[in-house]
There are 2 protein chains.
Amino acid sequence: DMSTALVLVAAGSEDIETVTPVDVLRRAGLHVTLAGIHGSDIVECSNKTKLVPDASLSDLDPAAFDIIVVPGGLKGATAMKASPLVGTFLKHFEAQNKVIAALCASTTVLLAHDIKKGARVTSYPSFKGDLEAHYSYDDASRVVVDGNLITSRGPGTALEFSLAIVEATKGKDAADKLQAGMLVLKA
Amino acid sequence: DMSTALVLVAAGSEDIETVTPVDVLRRAGLHVTLAGIHGSDIVECSNKTKLVPDASLSDLDPAAFDIIVVPGGLKGATAMKASPLVGTFLKHFEAQNKVIAALCASTTVLLAHDIKKGARVTSYPSFKGDLEAHYSYDDASRVVVDGNLITSRGPGTALEFSLAIVEATKGKDAADKLQAGMLVLKA
Ligand SMILES: [Cu+]
C-alpha cells in the first residue's frame, strides 16, 4: 500500500527544491512522479540543472495521487501561477483534503489559485508581503504544517520540508529514520 | 575571473548529492560543468532522478577546471572507482594542488585512485572501516577541509559541503551570504 506523490516542475523551478522531495519521498517508499507542467520534455531549472520529467501533467489524473508537491524557483512558480491545469490539480487536492506541499516562492502559487486561504503558511521571506493579507503568515518556523497543508521557506529547508511530508504520510518514525540515515540537521 | 568546477555524475550517483553542488556553485558565480563519466546521455540517479549531463568527461580537459566535485551514491561511486578516466582527472587535480571535493560514499573513490592518502577526511559513516587505515578519519565533523581536500558525509550535509567549496574558492563572505540567502542551517 504505497502512497503516491506528484511533484510539479516547470522551466525555472529551483534545482534543489525540485530534486530533494523527489529523492526523499522515494527513499520513504512513496511512488513519486515528477510531472512537467508543460509536457515531458527536458526542463531547465533555475540554476541550469536539466531534468527529464517522468510524465506530462496533462497526461495525469489527479485522483491517482495522494500528495502534490510544488517546488519553488521564481520563474517556475510564475509559470505555475499562470497554468489553469496546475489550478485544476490544486483544487482537486484541496477539495479531497489530500496533502498539498509548497516550498519557497510557490506558496504564492497557492494564492494565485485561491487554495487554502486563511491557513497558516510560510514561504521564502521576500513573499511575506504578498501572502500575509490572505494567510496566517508564520515567520518563525522553517516548515509549517497546518492540517494537510505543508509550506516551507527555501532551498536550505528543502530536506526538512520533505521530511515533514514523509511524517504526514508515513509517520514520525519513518521520518526520523530517514533524517538519521541521511544525516539531516534539524533546527 | 570566474572559477570553473567539474561535477562528476554516473548512473547511480545520489540525486541530492549531485544537484546540490551544481546549484550552489552556480549561485556563487562559478562556471559549473556536470560531466557524465560514461558520456553525455541521460543519467539515472540512485533515486531515479534523470539528469542530462552538460558534457561527457571524455571530451573535457582537466586543465580547464579549478575544482573537481565527486558526489556519492554507492552505485555511482563504484563506477567512478572502476573508471581509469576518473583516476586520470583526480591525479591531475592532486598534482596541480587544485580543489578536490568528495561526498558520502565517494571518499572511497579517492582511495581507489590513490589520492591524498594520509589526509584528514570524512565520509558516509559506513565507509569509516574502509578508509581509516589510509586516511586520518574524522567522525566528528559534518564537513572536513584539509588544505585543498574537502570531504563530507551524506545527502544531509550536501549544502554545507557545497558552501565549504564556495568558501575555499570565493571566500567566507561569499559563502556566508549564500548560506543566509538559501536559508541553510549549519551545525
Ligand atoms: Cu550517499
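Chain naming here is simple, since letters A, B, ... match the order of the sequence lines and numbering starts at 1 in each.
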May I ask whether A:Leu149 and A:Leu8 are part of the same hydrophobic cluster, defined by side-chain heavy atoms of I, L, V, M, F, W, Y residues being less than 4.5 angstrom apart, directly or through others? yes

Between B:Leu183 and A:Pro125, is there a side-chain heavy-atom distance shorter than 4.5 Å? yes

State whether the number of non-hydrogen atoms from other residues, nucleotides or ligands found under 6.0 Å of A:Lys177 atom NZ is greater than 12. no

Any chance NZ of A:Lys75 has more than 12 other-residue heavy atoms, nucleotides or ligands included, within less than 6.0 Å? no

Under 4.5 Å between side-chain heavy atoms, hopping through other hydrophobics if needed: is there a path connecting A:Leu131 to A:Val144? no

Most contacts with chain B, counted as non-hydrogen pairs under 4.5 angstrom, among A:Gln179, A:Lys48, A:Glu160: A:Lys48

Any heavy-atom pair between the side chains of A:Leu34 and B:Lys50 that's under 4.5 Å? no

Interface moiety of A:Ile16 toward chain B, non-hydrogen atoms closer than 4.5 Å: both

Side-chain heavy atoms nearer than 4.5 Å, only ILVMFWY residues, links allowed to pass through others: does that put B:Leu6 and B:Val86 together? yes

Out of A:Val52, A:Thr18, A:Val32, A:Leu51, which one racks up the most heavy-atom pairs below 4.5 Å with chain B? A:Val52

Within the supplied structure, the quantity of interest is the number of heavy atoms (other residues, nucleotides, ligands) at a distance under 6.0 Å from A:Asp61 CG; does it exceed 12? yes

Any side-chain heavy atom of A:Arg142 sitting closer than 4.5 Å to one from B:Leu185? yes

Looking only at heavy atoms, which two atoms of B:Arg27 and A:Asn47 are closest? And how far apart? NE-ND2, 3.5 Å

Please check if A:Leu103 and A:Val99 belong to a single hydrophobic cluster, counting links between Ile, Leu, Val, Met, Phe, Trp and Tyr side chain heavy atoms closer than 4.5 Å. yes

Check whether any side-chain heavy atom of A:Leu159 sits under 4.5 Å from a side-chain heavy atom of B:Pro155, and report yes or no. no

Highest number of heavy-atom pairs under 4.5 Å with chain B: which of A:Thr20, A:Val184, A:Val22? A:Thr20

